[in-house]
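Structure, as structure tokens:
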2 protein chains.
Amino acid sequence: MKMSELSARSGVAIPTIKFYLREGLLRRGELTSRTQASYDDTHLRRLRLIRSLVEVAGLKLDVVKRVLAAVDDESRTRHEVLGTAHSSLSAPASPSVEDVKHARRLLAHWGWQVHTQSPLPAALACALRSLDSVGHPMNEEALDAYAAAAAAVAAVDVSELPADRTDAVETVVVGTLLREPVLLILRRMAQEARSARNE
Amino acid sequence: MKMSELSARSGVAIPTIKFYLREGLLRRGELTSRTQASYDDTHLRRLRLIRSLVEVAGLKLDVVKRVLAAVDDESRTRHEVLGTAHSSLSAPASPSVEDVKHARRLLAHWGWQVHTQSPLPAALACALRSLDSVGHPMNEEALDAYAAAAAAVAAVDVSELPADRTDAVETVVVGTLLREPVLLILRRMAQEARSARNE
DNA sequence: CAAATCTGGATACTATTACTATCTAGATTA
DNA sequence: TAATCTAGATAGTAATAGTATCCAGATTTG
């Protein structure tokens with residue numbers, strides 16, 4: 001298919017597609033002549049994935065780029081791709097050593113093992129610190145409830161992964177990033193439903 | 001306290017504080033003379049809240065502005081403030097009527113009641129549609145598991161609300177927005193912990 | 001077969017967001 | 001009294017994510 005058709009089928013404007021090509025987010029089409037190239041379903045899929053990551057998951061283009069590069073890197077296991085996705089998502093934060101220790105104690109308490117270089121404990125430390133700083137710290141019970149809920153959805157996410165590596169990697173990325181908004185929206189709905197009952 | 005002290009105690013640069021004053025995110029200090037004003041703890045609290053909403057919850061300043069305006073509006077109940085926060089969070093989306101119907105059917109299935117004007121069903125419809133469009137739809141069981149997890153955390157969030165209206169409103173906003181990253185980080189951690197076991 | 005349209009690729013421009021910097025007139029501190 | 005600080009206004013900047021224009025060449029249509 002030509003670029004115009006790719007644009008029509010994906011709903012992404014041609015100048016935007018050209019921009020993604022320039023930025024290396026989308027592979028170039030195969031040149032059939034000097035001013036003509038053809039695109040296939042992989043381009044369409046990739047384009048839809050980019051738009052979803054940007055619009056639904058709210059990722060910035062440079063993050064999308066890193067994540068897609070990890071997906072395309074055949075040498076990485078899906079666990080490594082997951083780590084890349086997580087690293088790309090967490091803004092570089094600098095929590096205190098004490099706060100990170102506290103976060104790691106919580107992980108140990110729940111029996112969760114994460115990689116030493118994972119940015120997640122630091123990210124958790126920052127998130128909890130900010131709740132403290134605005135005067136609304138989370139207590140132990142609330143955290144335990146959150147952890148239990150997180151474990152429940154993670155169990156669903158990680159189960160039923162396809163055998164093929166490429167498919168599995170995409171499933172992991174999509175499952176991690178595009179289901180986040182679903183979880184948040186459901187939480188807000190549940191809050192509204194409960195809040196309405198109490199008011 | 002003077003602006004320099006407010007800056008030092010909050011960690012926010014003076015030009016940024018001035019910018020927030022201009023934008024109406026922060027009340028002006030009380031003028032003690034034509035070139036001198038004094039700030040108090042409410043300013044410090046507000047400043048920390050703004051920074052947390054921007055840095056941790058990832059909100060844009062215009063959204064922060066709307067949310068804070070709702071918090072400050074004494075005539076709104078905390079349920080209305082919650083609605084404002086949710087409306088401000090969801091980007092204006094235009095899902096198909098069919099998709100929204102599907103989302104509402106899910107809500108009915110779980111016994112959740114949300115307001116007719118709530119943007120949440122439409123937001124859910126969009127999130128699920130985008131998962132479909134990239135070829136990774138969520139099945140019934142996965143959705144049920146997500147809903148159960150969402151209900152569990154919402155129950156914790158809505159319980160233990162302070163009696164005072166202003167405190168309750170802030171608790172609701174903080175609880176809704178600043179605990180989101182906590183939930184997402186915990187989910188990612190749980191995924192990593194599980195994924196590591198499987199690889 | 002010729003005019004109008006489309007294409008890939010390059011370059012330049014634009015809108016938005018969130019600050020930063022500078023300036024001025026006046027106030028405070030050393 | 002000289003150096004520093006302050007409020008408020010105005011102007012400038014960096015990053016992000018596109019848009020717009022142009023060109024040489026290719027394709028479609030009348």
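Order of the sequence lines fixes the chain letters, A, B, ..., with proteins taken first and strands second; residue numbering starts at 1 for each chain.
Applying the salt bridge (Lys or Arg N to Asp or Glu O under 4.0 Å) test to residues at least two apart or on different chains, the pairs with a partner in residues 3-19 of chain A are Glu5(A)-Arg9(A), Arg9(A)-Asp41(A).
In this structure, Leu82(A) shares a hydrophobic cluster with Leu161(A), Val172(A), the cluster being traced through Ile, Leu, Val, Met, Phe, Trp and Tyr side chains under 4.5 angstrom apart. Other cluster members for Val97(A): none, since no ILVMFWY side-chain heavy atom sits under 4.5 Å from it. Applying the 4.5 Å side-chain rule to ILVMFWY residues, one finds Leu184(A) in the same cluster as Leu184(B).
Per the geometry, CD belonging to Glu5(A) stands 12 Å off P belonging to dG8(C), to the nearest Å. Following rounding to the nearest Å, Leu21(B) (CG) and dT10(D) (P) show an atom-to-atom distance of 16 Å. The CD1-P distance, from Ile14(A) to dA17(D), rounds to 22 Å in whole Å.
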Sequence-aligned protein contact record of nucleotides 14-30 of chain C, with B where the base is within under 4.0 Å of a protein heavy atom and S where only the sugar-phosphate is: ----SBB----BBSSS-

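Residues satisfying the ring-ring contact (aromatic ring centres under 6.0 Å, His included) criterion with His86(B), sequence neighbours excluded, are absent altogether.
By the 4.5 Å heavy-atom criterion applied to side chains, Thr176(A) and Asp157(A) are not counted as neighbours.
Counting non-hydrogen atoms under 4.0 angstrom, Leu31(B) reaches the backbone sugars and phosphates but no base.
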